[in-house]
Number of protein chains: 2
Amino acid sequence: MSLIIPHTGRRVPCEQCPLRPLETFRDFTAPEIKFVSHFKTGEMMAEPGAVIVSEGAHSAHLYTLLSGWAFRFKTLPDGRRQVLNYLLPGDLVGLQGSVIGEMDHSVEALSSVVLCVFQRDRLDELFGAHPGLGFDVTWLAAQEERMLDNHLLSLGRRTALERTAYLLSFLHERALALEMGKRVQIPINQQHVADTLGLSIVHTNKTLRKLTNMELIRWLGGACEVLDLDGLMDVAGWEGLSRRKRPLI
Amino acid sequence: MSLIIPHTGRRVPCEQCPLRPLETFRDFTAPEIKFVSHFKTGEMMAEPGAVIVSEGAHSAHLYTLLSGWAFRFKTLPDGRRQVLNYLLPGDLVGLQGSVIGEMDHSVEALSSVVLCVFQRDRLDELFGAHPGLGFDVTWLAAQEERMLDNHLLSLGRRTALERTAYLLSFLHERALALEMGKRVQIPINQQHVADTLGLSIVHTNKTLRKLTNMELIRWLGGACEVLDLDGLMDVAGWEGLSRRKRPLI
DNA sequence: CGCGGTATTGAGACGTATCAAAGGAAGTGG
DNA sequence: CCACTTCCTTTGATACGTCTCAATACCGCG
């Protein structure tokens, strides 16, 4: 179940990118879109479970997630796994590798996924020709940092119940920003939750049960639905994401 | 004990920055140094315990730590505190705020500290005039992200002993990269360690005692000395930092 | 029908938190 | 120079949250 299907053909021209019209993304100027379009060299698809980039790799590519869900993770030598963050459409994949030179974590698809492919070595070109886009890359990195700060706070100082509530409301909010109005389903299983929150799978199960009994969420086997976002955020003691518009590269 | 001493005078011209000659920092071209020098508007000093920037603030400044130690942290509404990362000379302070617009965490000085002050709103100028420096800012953000990934792995998947060993070897390595050869003293107390690792202070104390008995560290009341770096890294199951040269802005 | 991946549940063990108390070092004011 | 405070560290006892082990149930799929 570990399929990656590269194809050079481009189905989605940047000018008609389905993401760009969404509320969350800031408007780009015509030259900016043109540059991004020129920067993009192709698309890549992957099925759930496929490893998109792996730790230690020296990838020549940088991606933007066009559709689907994925997650970043690291593993300890003995196999213990930690999920670092989740990737949703519009997120850059592999920036660390592109900027620093070597990936320090792996990325795996949660659902079927389509990625826009960029040439890593043309990143300087982007900074040179479009300082605004360069700034945007930094913006995205800072935003990721901010999410990690929150996750760290969660792991370090929240109880199992609070953490779980935080994670699910976080993911729900992120998805909601993209699919306004639609019914959101988070495509994760309990092992993912456990590996994200630093909990055992058994205790994760018991904690999710509590949230289910409180009628805050619904578990669907391979996916999760948030029934009461405010309630969840309340349990977590979390304020929610900023509503600021973000760049899309 | 919460002193911040701003002064507009500049004692350290960038051309004679004491950090720049160090091994860890990459060479800058003359125009780059000139720009950074022009970008810098002054210096600021702070004493241990002083809050340099605080959560929610909308700061007009961006800093580089010139000397001393500091740390970033967040707090939950009920007061639980989580240390996110430590700041050492050469680190940018307040980048998130400058790029996104609002600080999401606070920064506090651990030791006496000197900061170079930059005008936040001239950051675009940097990206515009020196794409290479813009790239460097992104590089630094990516590097911070990488450290946070490692901390997350630690909190999520390492035991108390492993975590503590990781933290101290991490800080020791970072300091070592700056003060090659010198005897490194990490200016933290056990409360900081506890708040970094998500442990209670009592358990932190007992864990530090174990490391002390193993003769891996020495505790000095208000500071810590690493006696056996390899031993510590072994306990932590950690590979160490990359030896790559970094930019200094 | 049987199988692999996933979710569920109970029981006991272990790691870490909490509570409580005391010792040491540094600084302050009398 | 001594009492006194304050901050930091240390230690023991007990409580609690989470882990591990073990077993069962569930479900889609070949």
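Lettering follows sequence order; numbering is per chain, from 1.
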Proximal nucleotide (of dT18(D), dT6(C), dT9(D)) relative to the Ala160(A) side chain: dT18(D)

Selection: residues 199-209 of chain B, any non-hydrogen atom under 4.0 Å of DNA chain D: Val202(B), Asn205(B), Lys206(B), Arg209(B)

Distance, rounded to the nearest Å, where Lys210(B) contributes NZ and dT11(D) contributes P: 13 Å

Option passing side-chain contact (heavy atoms from CB on, under 4.5 Å) with Ile188(A) (candidates Leu110(A), Val83(A), Asp195(A)): Leu110(A)

Between dT10(D) (P) and Leu220(B) (CG): distance, integer Å: 11 Å

Student check: side-chain heavy atoms of Met147(A) and Tyr86(A) closer than 4.5 Å: no

Asp195(B) CG - dC8(D) P separation (whole Å): 12 Å

Whole-Å gap separating C1' (dT11(D)) and CG (Asn213(B)): 13 Å

OP1 or OP2 of dG5(C) under 4.0 Å from side-chain N/O of Gln190(A): no

Between dT6(D) (P) and Asn189(B) (CG): distance, integer Å: 18 Å

Test: Arg243(A) and Glu23(A) ion pair at under 4.0 Å: no

Geometric class of the Tyr166(A)/Phe170(A) ring pair [parallel <30°, tilted 30-60°, perpendicular >60°]: parallel

Distance, rounded to the nearest Å, where Arg218(A) contributes CZ and dA7(C) contributes P: 15 Å

Between C1' of dT16(C) and CD of Glu162(B), the distance in whole Å: 15 Å

Distance-only donor-acceptor check, side chains Asn85(A) and Glu144(A), under 3.5 Å: yes

Atom-pair distance (CD on Gln191(A); P on dT8(C)), nearest Å: 14 Å

salt_bridge(Arg246(B), Asp91(B)) N-O dist < 4.0 Å: yes

